[in-house]
Student: 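Take a look at this one; I'll ask things after.
Given the structure is predicted, the values throughout are model-derived calculations rather than measurements. Each chain gets a letter, A, B and so on, in the order the sequences are listed, and its residues count up from 1.
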Protein chains: 2
Amino acid sequence: MEANITLARVAREAGVSASTVSRILTGSANVSPEKREHVQRVLAKLNYRPNVLARGLASGRTMSVGVLTQDISSPFYGDMVRGIEQGLGGSGYQTVFMSGHWHAKAEMEAIESLLARRVDALAVLGGSVPDEQLRTVAQSVPLSLLGRTVAGLEGQCLRLDQLEGARAITHHLIEMGHRRIAHITGDMSHPDAQDRLAGYRAALDEAQLAFDPELVQQGDFLEASGYLAATRLFEGRSVFSAVFAANDQMAYGARLALHRRGLRVPDDVSLVGYDDLPGSTYTSPPLTTVRQPTFQMGQAAAQWILHQLAGQPYLLPPLTVQLVIRESTARRRST
Amino acid sequence: MEANITLARVAREAGVSASTVSRILTGSANVSPEKREHVQRVLAKLNYRPNVLARGLASGRTMSVGVLTQDISSPFYGDMVRGIEQGLGGSGYQTVFMSGHWHAKAEMEAIESLLARRVDALAVLGGSVPDEQLRTVAQSVPLSLLGRTVAGLEGQCLRLDQLEGARAITHHLIEMGHRRIAHITGDMSHPDAQDRLAGYRAALDEAQLAFDPELVQQGDFLEASGYLAATRLFEGRSVFSAVFAANDQMAYGARLALHRRGLRVPDDVSLVGYDDLPGSTYTSPPLTTVRQPTFQMGQAAAQWILHQLAGQPYLLPPLTVQLVIRESTARRRST
DNA sequence: TTGTATGCGTTATCAT
DNA sequence: ATGATAACGCATACAA
C-alpha cells in the first residue's frame, strides 16, 4: 500500500505553491513556462495521480457521466454503450456503468448511486423505472433516455419507431408470398412488444390478410420463450409458412424448435427477428431481421449530453430502423 | 437543478450537530433512540443523499470496487461480471465498470481512472496489460485477476486449466471415432489459444494420432475468423470429420461455413467449441463445448476481494472446466 | 450520548 | 504570474 501522492506533496517537491500546480493541472490560468515544465517533470517523477474525489468535491464537477444499463452483457445494449463511449471519447468525460437487471428497484438504486457519485450527466438504457421518477431525475441532471420514451422528456429520448420496423419486416414476408405468418411477441408489458405486434397487424391489414389470434404466441424476449412459443405453434392446428419473432433472441429459440422438427429454414419456413444482434450474421442461416442503429443512438446520446453540459443546443438526429435481409427468408414454396 | 441536501442542512433542520447525523448514517456510535428516530425522519423528509465524494475523501474508503472488463457486452465476461456483482451484493460495496477493449493502453488508462476514483479494490478481466504493470497495481490495492495468470500474483488469479479442457473435448471427439480432427486456433498471442492448441495436441498424442499441421488453421477468437478458417480447411486437400474451434464464437463462424457447403452438423461433420456462451444452447444444433464456471469465478473473485478488504484470509476455490455434450457431435459415420 | 474542531485533496477566490 | 486561504461535504478524534 503505497501512500498516494498529493498535490501538496508535488508542490513542496517542486518548490512552488499548491495553487500553481493546480493551475498547471487544470490549465485554468497562465503559468510561466519554466515553472510549468519543472512542475510537470516532478509530476511525472512522482507519478502523481489526481484524486477524483477531492477534485469533484472542490470543483463541483466530476467529469463523468453515469450509464445505467440493464444487463452488462446484453448484446443489444452493448452496442449502444459502445456508441456512448465512442461519442464521449476525447471529451474528457468518463463513463461509469451500473446495471439495473430490468428490475425497477435495482435500477432506481443504481441511479441513486450514480447521482451520489455526482456524475455530471446520466444515460439510461431501457429499464422499467417509472416515468415519473425519471422526470424527477431529469430535473437535477442532464438525462438521456435510450430505448424508451418518457412523456415530457421527448427531446432527450432516443427510441425508434418500433411499429414501423415490425410493419416493414412483416410486409417483406408478405411480399415473399407468405399468407399465414405467425408472430412470437415479446413481454407484452413492454412497449416494444406492443408496438411490434401492432406493426405486424398493420402489415396484415394493409395486405388485407385476416389476423388469426392462433398464430400469435407470447414470449418474453428470451431464447427459451421463442423455443416454447414455436413449439406451441406446432402443437396447434394452424398452418403457417413464416414466423416473425419480436426479437432475434426469440428467433434463435424458434430456429431450434424448427430444427428439432426437421424443418429447414428458409426452405420450409421463413424466419425473421428484430434487433440484428451481432450473432445474427452467423446463425445458420444468417437471420433476416430489423436493424436498429444502436451504435449511432449511443453516439447521439453522447452528443446530446456533451452539448447539454456545455450549455449548447443539440437536436437529436432522425434515426430510422432498417430492414436487413439475409438468408432466413425465402419465397413461399407453391404447394 | 435542485440544490443537494447536505448533512449540515439536515443537522440544522433536526436541531442536532452534524456529527450526530453522521453517526446515525454510519452507525459508528450510539445515539439515543429518540434523536435517531427524529433525525431519520428529517433525513427521509429532505430526501438526503450522501455525497460519495465527500464521504470517500473523509473516510479514505469509497465502498466501491472497480471492474475492468474488456468489452462491456462480451458474453463470456458478462457472466463473470454478474458473478462479481452477485458476490458483492449485500456487502455495501458497489461495482464501478470501465472497459478496456483489449487494448493495453486503454486498459491501463481505465485502471488509472479507477484508481483515481479511489476504488477500494480492483478486478481485472482478461486484457493485455503487461504483467509488470499489474504487479505494480497490486501493491497499492487488492487486485483480483480473472481469466489470466500473472507470475507472482498466483494467489489472486482465477484462471482455469485451458489445456485440460481442450484435451478433454478433443478426447471426446476421438472417442466418437473421429481420427482426422481439425483445429481452429484463437489469437496465438493469447495464452488461452496456446493452451488450447496444446490440449488438442496432447489428446492426439494420447491416442497416438498423428498431428497434421494442415488441419490447424489460425483464427482470432471472432466469428469471422472461424468462418474463414473453416473455408480454408475445405480448400485444402485434407479430409476431416470433426472440427474443434478454440472458442464458441469461432465455432459459430465455422458452423456457417459448413452450412454454406451443405454439410450437416453433426451428421457430416462434428463441431465443438469452447466457453459455452449463453447462445450455444440455442444454436442449430446446440453446440458441444467446454464450460468454464464463469459465474462462480466471478463470485470467488468477489469473495476474495471482500475478505481481503476485511483483512481475512481466503483461499480461492478449486474450479474446473466441464465438458458440455450437446448435439453438434456424433459418432463418425462409417464410410 | 453529544457537540466541537480538524482534516481529507483539490479548486477557486482573493490578495499581492 | 504566484501564493495564501477559504470552501467543498463528510467522518472522526477529542472534549465535555
Side-chain angles (χ1 to χ4, degrees), chain A residues 1-40 42-43 46-64 92 113 115-120 140, chain B residues 1-40 42-43 46-64 92 113 115-120 140:
Chain A
M1 297 282 182
E2 306 219 353
N4 281 310
I5 311 290
T6 69
L7 188 149
R9 166 81 191 290
V10 173
R12 218 179 316 125
E13 196 97 2
V16 300
S17 76
S19 324
T20 301
V21 179
S22 175
R23 279 193 269 264
I24 292 175
L25 252 24
T26 61
S28 58
N30 283 341
V31 177
S32 76
E34 317 101 54
K35 273 209 163 72
R36 150 170 285 118
E37 199 163 331
H38 176 220
V39 171
Q40 263 160 351
V42 176
L43 244 20
L46 262 42
N47 188 26
Y48 169 78
R49 231 187 267 135
N51 183 324
V52 174
L53 305 181
R55 187 174 269 192
L57 189 56
S59 71
R61 299 178 320 157
T62 56
M63 298 306 286
S64 66
S113 165
L115 292 178
R117 289 206 148 63
R118 295 300 187 266
V119 292
D120 298 325
S140 61
Chain B
M1 299 281 181
E2 307 220 353
N4 281 310
I5 312 292
T6 69
L7 189 150
R9 166 80 192 288
V10 173
R12 219 178 315 127
E13 196 96 5
V16 298
S17 77
S19 347
T20 301
V21 180
S22 175
R23 285 187 193 103
I24 292 174
L25 252 26
T26 61
S28 59
N30 283 341
V31 177
S32 76
E34 316 102 55
K35 272 210 162 70
R36 150 168 287 119
E37 199 162 331
H38 177 220
V39 171
Q40 263 160 351
V42 176
L43 244 20
L46 261 43
N47 189 26
Y48 169 78
R49 230 187 272 136
N51 183 325
V52 174
L53 305 182
R55 185 173 272 193
L57 190 56
S59 70
R61 297 178 320 155
T62 56
M63 297 306 286
S64 66
S113 165
L115 292 178
R117 289 206 146 64
R118 295 302 187 268
V119 292
D120 298 324
S140 61

Student: Considering residues at least two apart in sequence or located in another chain, which fulfil the salt bridge (Lys or Arg N to Asp or Glu O under 4.0 Å) criterion with B:Arg12?
Tutor: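 By the salt bridge (Lys or Arg N to Asp or Glu O under 4.0 Å) rule, B:Arg12 matches no residue at all.
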Student: Would you compute the distance between atom OG of A:Ser32 and atom CD1 of A:Ile24 and round it to the nearest 0.5 angstrom?
Tutor: 8.0 Å
Student: How close or far is atom P of D:dG3 from atom CZ of A:Arg12, stated in whole angstroms?
Tutor: 15 Å
Student: When you check the phosphate oxygens OP1 and OP2 of D:dA4, does a side-chain N or O of A:Ser17 lie under 4.0 Å from one of them?
Tutor: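 So the side chain of A:Ser17 is outside the cut-off, no N or O lying under 4.0 Å from OP1 or OP2 of D:dA4.
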Student: When every nucleotide of nucleotides 8-16 of chain C is labelled 5' to 3' by its protein contacts under 4.0 Å (heavy atoms), B for base, S for sugar-phosphate only, - for none, what sequence of letters results?
Tutor: BBBBB----
Student: For A:Arg9, what residues pass the salt bridge (Lys or Arg N to Asp or Glu O under 4.0 Å) criterion, not counting sequence neighbours?
Tutor: A:Glu13
Student: Quick one: do the A:Ser17 and A:Thr20 side chains pair a donor with an acceptor below 3.5 Å?
Tutor: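 Result is yes, a qualifying pair exists.
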Student: Nearest whole angstrom, please: distance from the P of D:dC10 to the CZ of B:Arg9.
Tutor: 12 Å
Student: Nearest 0.5 Å, please: how far is OG in A:Ser19 from CZ in A:Arg23?
Tutor: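 Between atom CZ of A:Arg23 and atom OG of A:Ser19 there are 5.0 Å.
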Student: Does B:Lys35 put a side-chain nitrogen or oxygen below 4.0 Å from OP1 or OP2 of C:dT1?
Tutor: no
Student: Please give me the minimum heavy-atom distance between A:Arg118 and B:Arg49, naming the atom from each residue.
Tutor: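 A:Arg118 and B:Arg49 have their closest heavy atoms at NH2-O, 3.8 Å.
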Student: Roughly, in whole Å, what's the span from CG in A:Asn30 to C1' in D:dG3?
Tutor: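 Computing the A:Asn30:CG to D:dG3:C1' distance gives 16 Å.
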